[in-house]
Amino acid sequence: MATKSLHKRESDLANSNRQLEILSNGIFQNGELPTFKSKISETNQFPLKAKKLEILQINVGYMCNQVCEHCHVDAGPDRKEIMTRETMQQCLDVIKTTGAHTLDLTGGAPEMNPNFRWFVEEAAKAGIKDFIVRSNLTIIRANKKYYDLPEFFKKHNVHVVSSMPHWTRGKTDKQRGDGVFDKSIKALQELNAIGYGMPDSSLRLDLVYNPSGAFLPGDQASMEKDFKKALKEDFNIQFHNLFAITNLPISRFLDYLIASENYEDYMYSLVEAYNPAAVGNVMCTNTLSVSWDGYLFDCDFNQMLELPVNSKVKHISEYNEALLEGRHIVISQHCYGCTAGAGSSCQGVVA
Ligand code: SF4
Ligand code: SF4
């Protein structure tokens, strides 16, 4: 398993234009497969338009203590892009006034941003209904300075959402790195010990599953049952919901698909599983994604592909909800990942 980001390895695919080229050429250029635009046009759903903002997702930096095989952020310890306090302040000004019901902090490992705790303390004061931190769990056990994170999350009523690709050590470590499973289990037990994830607790703990290879996720509800049973029986761990997320063909997952010669087959499966009913609810229709340097994107995937919002408003410092509403969403073939089967978003299925 690679221990460096595509950027550090100076891979071709570290370049977002190269990724977009791959997604537009070959089977999509020669007409073997329809482009996403032509597919959604069949049901008059082009252009996709942003509705009222409900979820503000902020990526506070690409630095991470892990280098997971399928990371769409290309995160890792070698990534130095980190949101400054000044940009965080600009985000806070928006958080205080927006009508969004959910604030979603992501990374990298958001906790590694030196201003993370200050930001959480300030953002929590805005009283947003659902305040999510996407924690990779192992960060809680990575260094003594993070050991109190569960208590910190509890103090600010943070909703913890964490990746857990499987309930077995082998499958988890293969995708996320050696030792990740044991640390994740320990972190989950610590979160449970202070009330996170317990059946009647208001301290929300959800897990995210994404497939460990070039295949689509199974049924979310039955996977949740299997995860709950196995984690309870083997480790006495409880959690609330499991979100099944499809891997989008970008960044390190695209690299994996190409290296394993699965790219075309995977794109065929995504297109075959296309579900027009999922299109209206893809997450870009009610979400705005902010990058570490304050720029605005329709979603975290478009952020990684450096496809900015199609609006006069480009940066959080010039935020204007009315101008952003109704904007045309920027799409490419990676969007098939959001409309396959029951659909996929940062909160699991959408259809
Ligand atoms: S923990 Fe998340 S952000 Fe970090 S490398 Fe893994 S998938 Fe990427
Ligand atoms: S990848 Fe982003 S822009 Fe494309 S459908 Fe999914 S959420 Fe929307």
Side-chain angles (χ1 to χ4, degrees), residues 1-7 19-20 23 35-37 39-40 45-51 55 57 59-79 81 105-112 133-140 142 161-165 172-173 175-177 180 183-184 187 208-210 212 245-253 256 270 274-275 278-289 292 297-305 307-310 327-340 343-347 350:
M1 188 171 160
T3 54
K4 290 181 182 157
S5 67
L6 296 172
H7 276 76
Q19 295 181 49
L20 287 165
L23 289 167
T35 61
F36 189 70
K37 178 180 170 183
K39 198 72 183 164
I40 64 172
Q45 294 185 91
F46 179 81
L48 255 181
K49 287 187 196 154
K51 302 179 213 160
I55 302 171
Q57 186 172 62
N59 193 316
V60 298
Y62 303 158
M63 187 181 283
C64 190
N65 58 318
Q66 293 183 189
V67 194
C68 305
E69 196 172 21
H70 299 159
C71 181
H72 75 270
V73 179
D74 191 26
D78 54 59
R79 296 301 299 267
E81 299 88 340
L105 299 193
T106 188
E111 301 93 332
M112 290 178 85
V133 171
R134 292 187 186 263
S135 175
N136 68 18
L137 295 174
T138 62
I139 193 70
I140 294 172
V161 177
S162 296
S163 276
M164 192 75 190
T172 300
D173 285 1
Q175 185 187 120
R176 295 174 76 77
V180 165
K183 281 190 193 149
S184 302
V208 173
Y209 160 87
N210 65 304
S212 54
I245 295 190
T246 303
N247 288 312
L248 263 66
I250 67 169
S251 194
R252 293 216 285 266
F253 190 63
Y256 158 81
L270 288 182
Y274 171 75
N275 174 6
V279 178
N281 294 324
V282 285
M283 66 180 171
C284 48
T285 56
N286 68 350
T287 303
L288 195 62
S289 155
W292 65 276
F297 299 85
D298 296 313
C299 68
D300 207 45
F301 305 112
N302 280 9
Q303 183 184 140
M304 301 315 149
L305 289 171
L307 295 170
V309 279
N310 185 0
R327 72 185 183 277
H328 293 185
I329 305 291
V330 182
I331 54 168
S332 181
Q333 281 48 265
H334 64 296
C335 297
Y336 274 118
C338 295
T339 55
S344 174
S345 76
C346 286
Q347 322 260 330
V350 300

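Whatever order the structure lists them in is the order used to number ligands and atoms, beginning at 1. Values reported hereafter were calculated over all heavy atoms of this structure, with side chains retained and with hydrogens, waters and symmetry mates removed.
With hydrogens and angles ignored, the 3.5 Å screen pairs no side-chain donor or acceptor of Arg134 with any backbone N or O of Ser163. Put simply, the side chain of Ser162 gets close to the backbone of Ser135: a donor and an acceptor are under 3.5 Å apart.
Taking each heavy atom of Lys51 and Gly280 in turn, the nearest pair found is NZ-O, 2.9 Å. Smallest separation of non-hydrogen atoms from Asp78 and Thr3: OD2-O, 4.4 Å. Contact detail for Leu248 and Phe253: the closest heavy-atom pair is O-CD2, 3.5 Å. The nearest pair of heavy atoms linking Pro77 to Gln66 is CD-O, 4.0 Å. Taking all atoms of both residues into account, the shortest heavy-atom contact from Gln19 to Ser251 is OE1-N, 2.7 Å. Shortest non-hydrogen contact noted between Trp292 and Gln303 is N-OE1, 4.2 Å.
Atom SG of residue Cys284 and atom CG of residue Asn302 lie 7.5 Å apart, to the nearest 0.5 angstrom.
Atoms of ligand 2 found under 4.0 Å from any heavy atom of Val330 (numbered from 1 in listed order, with element): 3 (S). Here is the list of ligand 1 atoms found below 4.0 Å of a heavy atom in Gly108: 3 (S). The distance from ligand 1 to the heavy atoms of Arg252 drops below 4.0 Å at these ligand atoms: 5 (S). Every atom of ligand 1 is numbered from 1 in the order shown, and the set under 4.0 Å from a heavy atom of Gln66 is 1 (S), 5 (S), 6 (Fe). Shown in contact with Ala75 at under 4.0 Å from a heavy atom are these atoms of ligand 1, numbered in order with element: 3 (S), 8 (Fe). Less than 4.0 angstrom separates some heavy atom of His334 from each of these atoms of ligand 2: 1 (S). For ligand 2, the atoms sitting less than 4.0 Å from at least one non-hydrogen atom of Leu248 are 1 (S), numbered in the order shown with element in parentheses.
Side chains of Gln57 and Thr106: a donor-acceptor N/O pair is absent below 3.5 angstrom, by distance only.
Using a cut-off of 2.8 Å, one finds that Cys64 contributes no N/O/S atom close to atom 6 (Fe) of ligand 1.
Legend: protein N/O/S atoms lying under 2.8 Å from atom 8 (Fe) of ligand 2, waters omitted, number 1.
Residue contacts with ligand 1, taken as heavy atom pairs separated by less than 4.0 Å, involve Asn136 solely via side-chain atoms from C-beta onward.
When only non-hydrogen protein atoms are considered, atom 6 (Fe) of ligand 1 lies nearest to Cys68 SG, 2.3 Å. Regarding atom 8 (Fe) of ligand 1, its nearest protein heavy-atom neighbour is Cys71 SG, 2.4 Å.
Using bins of under 30°, 30° to 60° and over 60° for the plane-to-plane angle, the ring pair Phe36/Tyr336 lands in the perpendicular bin.
Remark: distances from the non-hydrogen atoms of Arg176 to ligand 1 include one below 4.0 Å.
Side-chain atoms of Leu270 and Pro249, non-hydrogen and from C-beta on, do get closer than 4.5 Å to each other.
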